[in-house]
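Have a look at the structure below, then the notes.
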Amino acid sequence: MSNKVKKENFNSVNENVQAPAKLFPSVVKDGEVDFDALKEEFGDETVRQSLAYLKEAIK
């Protein structure tokens with residue numbers, strides 16, 4: 001069994017960061033989502049609810 005992580009996994013993460021960067025460039029810094037900037041842009045409660053939804057969706 002191989003312990004290597006496929007390169008495609010990293011590409012999909014990169015694509016997931018690029019999508020919001022196109023719409024909201026202020027929330028992506030150094031290739032990562034800046035959650036503080038995201039909270040400023042959309043409001044803390046909206047971000048909290050979205051993160052809770054995503055956590056539930058990936059279970």
Side-chain angles (χ1 to χ4, degrees):
M1 183 160 66
S2 176
N3 289 331
K4 294 182 180 180
V5 177
K6 292 184 179 183
K7 188 175 180 180
E8 294 86 36
N9 292 342
F10 292 113
N11 288 339
S12 66
V13 170
N14 189 25
E15 291 171 8
N16 289 337
V17 171
Q18 288 177 1
K22 290 178 183 177
L23 297 172
F24 309 101
S26 64
V27 304
V28 177
K29 297 181 177 131
D30 300 323
E32 296 181 359
V33 175
D34 180 344
F35 287 97
D36 291 330
L38 191 65
K39 289 176 186 176
E40 287 179 26
E41 186 79 29
F42 295 103
D44 189 41
E45 185 61 28
T46 301
V47 173
R48 191 174 316 127
Q49 289 174 357
S50 297
L51 290 174
Y53 173 79
L54 289 174
K55 286 179 185 177
E56 191 63 32
I58 60 173
K59 284 186 177 181

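Note that the structure is predicted; figures quoted are calculated from it, not measured. In this chain, residues are counted from 1 in sequence order.
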Who passes side chain to side chain donor-acceptor pair (under 3.5 Å) against Q49, sequence neighbours left out?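 Listed in chain order: E45.
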Looking at residues at least two apart in the chain, or sitting in another chain, which of them share a ring-ring contact (aromatic ring centres under 6.0 Å, His included) with F35?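 Scan of F35 (ring-ring contact (aromatic ring centres under 6.0 Å, His included), adjacent residues dropped) gives none.
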Considering all heavy atoms, the nearest L38-V33 contact: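 The pair with the smallest heavy-atom distance is CD2-CG1, 4.3 Å.
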Taking every non-hydrogen atom, the tightest pair across S26 and A37: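 Closest pair (atom of S26, atom of A37, distance): O-CB, 3.5 Å.
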Quick one: which residue pairs count as a salt bridge (Lys or Arg N to Asp or Glu O under 4.0 Å) with a foot in residues 30-39, not counting sequence neighbours?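 Residue pairs passing salt bridge (Lys or Arg N to Asp or Glu O under 4.0 Å), neighbours aside: K29-D34, K39-D44.
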